[in-house]
Number of protein chains: 2
Amino acid sequence: MAAKENLRPGGRSARVQASVHMAVRKLLQSLDRADVTIPLIAAEAGVTPSTIYRRWGDLQELLADVAVERLRPDMVPIDTGSARGDLEVWAEQYAEEMSSGIGRDMMRDVLAAQDSTNAYRCCGFTRDQIEAISDRATARGERFPAIDAVMDRVVAPIIYRILFGDAPSNERVRDLVSDAMAEQAATPQPSPASALKSA
Amino acid sequence: MAAKENLRPGGRSARVQASVHMAVRKLLQSLDRADVTIPLIAAEAGVTPSTIYRRWGDLQELLADVAVERLRPDMVPIDTGSARGDLEVWAEQYAEEMSSGIGRDMMRDVLAAQDSTNAYRCCGFTRDQIEAISDRATARGERFPAIDAVMDRVVAPIIYRILFGDAPSNERVRDLVSDAMAEQAATPQPSPASALKSA
DNA sequence: CCCATAAACGCAAATTATTTGCTTTTAGGC
DNA sequence: GCCTAAAAGCAAATAATTTGCGTTTATGGG
């Protein structure tokens, strides 16, 4: 039930997909998560419930599908002039978005789905953002840690804390960035792009 | 729907809880996750469905409740003679357990529930384990990084990778431990126990 | 030890969600 | 423009969830 691949791209099928996604987003704004049901979504989207059941399987898959769209970054990381500044600003904003009620819910939706493809894609978005910062750094002639190191030392702690405990403060996020950047300074490995692409 | 607090501890209530938990565990062994329903669990447990609905609310909360029990560590971290060895062995075992199908499912269940208390408790279990290793280290006169540092640099990357990508290899887990221990060596902060308790 | 009280459970009816067989619409290839 | 099959609609059948009400049974106070 990928609902993304092997799907007729044109006409009605795409219209239904858009309509259902929009309905989900609209309903999630006004209603409590537990009150959003497939029949409700279907009514809002002007579609019969069985269409949704057949295409997405169940509510969780649909919510995951919608969530992963919303988690896709809509802009390139802000250019502050330095790699450290770029990463710091990006990480703070990322932490804030993800720890907000909406961000938390979307992560929950993505992780709750049986199909783990969405989670994987989600991780790829983040990696791409960091890669953009990294590329800019090397273009400037700055050193930058390996992408994986940033994922491990900045992204992972932020997300772990949001999921399992309390959202990290801006100060802590800055500390994480500091540690990651320091690590790079000690280790002479300015290799720019050896990472795996995604999505 | 905590199903844990304000619950009559004695007699029938406890019996029902135990029976339902056992039924869930049994059914999860033989059936696919998607085929486990509340009526099924109720039948297996010898209880009416409405009892489960009233006590846990929905399937996800029940699954989370069962999962968190199973995620509770059943033993103290192995004593290898050194803090580094302790952490290394513990981390490898932890990563392996969590990346197994069962571990992954349990984490999913815990995170998918509306009630985030379970996730928080889950994190507390892990923290307690690391604290035990830390305490043993200071008792031996060894230095050891702050608990939070280990959570950020070892636990968080392991879990992040399991949830959003691929399970980390043993080698990578060892590297994470190395980094965490090295950090401690550079920073003179042997403060033993300043962490927050849980559960 | 027994009684009063309220929590938890069982039962069954009512509601709501999900599945499914079949028909109709329609995108994509010839 | 016509086939073909994927996707959608419709409605009946099935299954899950909610709810009102009566019964059982912990728990606390006499």
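Quick note on labels: first sequence line is chain A, next is B, and so on, each numbered from 1.
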Legend entry - Residue mapping more 5' on DNA chain C - nearest nucleotide basis, A/Leu59 or B/Val47: B/Val47
Taking only residues two or more places apart in sequence, or in another chain, which ones meet [X] in a salt bridge (Lys or Arg N to Asp or Glu O under 4.0 Å)?
X        : value
B/Asp175 : none
B/Arg104 : none
B/Asp152 : A/Arg161, A/Arg172
A/Arg84  : A/Glu88

Can you tell me the distance, in whole Å, between the [atom1] atom of [X] and the [atom2] atom of [N]?
X       : N      : atom1 : atom2 : answer
A/Asp58 : C/dT20 : CG    : C1'   : 17 Å
B/Arg12 : C/dA6  : CZ    : P     : 18 Å
B/Asp35 : C/dT19 : CG    : C1'   : 13 Å
A/Trp56 : D/dA7  : CH2   : C1'   : 11 Å
A/Arg15 : C/dT25 : CZ    : C1'   : 11 Å
B/Ile52 : D/dT19 : CD1   : P     : 17 Å
B/Arg55 : D/dT19 : CZ    : P     : 20 Å

Legend entry - Residues in contact with DNA chain D, drawn from residues 26-34 of chain B - heavy-atom cutoff 4.0 Å: none
Inset, instruction - Sugar-phosphate means primed atoms, P, OP1 and OP2; the rest is base. With that split, encode nucleotides 11-16 of chain D 5' to 3' as B, S or - using protein heavy atoms under 4.0 Å. - result: -----S
Legend entry - A/Thr51 side chain near D/dG9 phosphate (N/O to OP1/OP2, under 4.0 Å): yes
Inset, instruction - Examine distances only and state if a side-chain atom of B/Ser116 and a backbone atom of B/Ala119 form a donor-acceptor pair shorter than 3.5 Å. - result: no
Inset, instruction - Before accepting this row, confirm whether a basic side-chain N of the pair A/Arg174/A/Glu171 lies closer than 4.0 Å to the acidic partner's carboxylate O. - result: no
Going by the rule side-chain contact (heavy atoms from CB on, under 4.5 Å), which residues pair with [X] if we only count those two or more places apart in sequence or in a different chain?
X        : result
A/Ala45  : A/Ser19, A/Val20, A/Ala23, A/Val47
B/Leu28  : B/Val24, B/Arg33, B/Val36, B/Leu63
B/Arg108 : A/Gln114, B/Asp105

Inset, instruction - Select one nucleotide: of D/dA7, D/dC10, C/dA27, the one nearest the side-chain heavy atoms of A/Thr48. - result: D/dC10
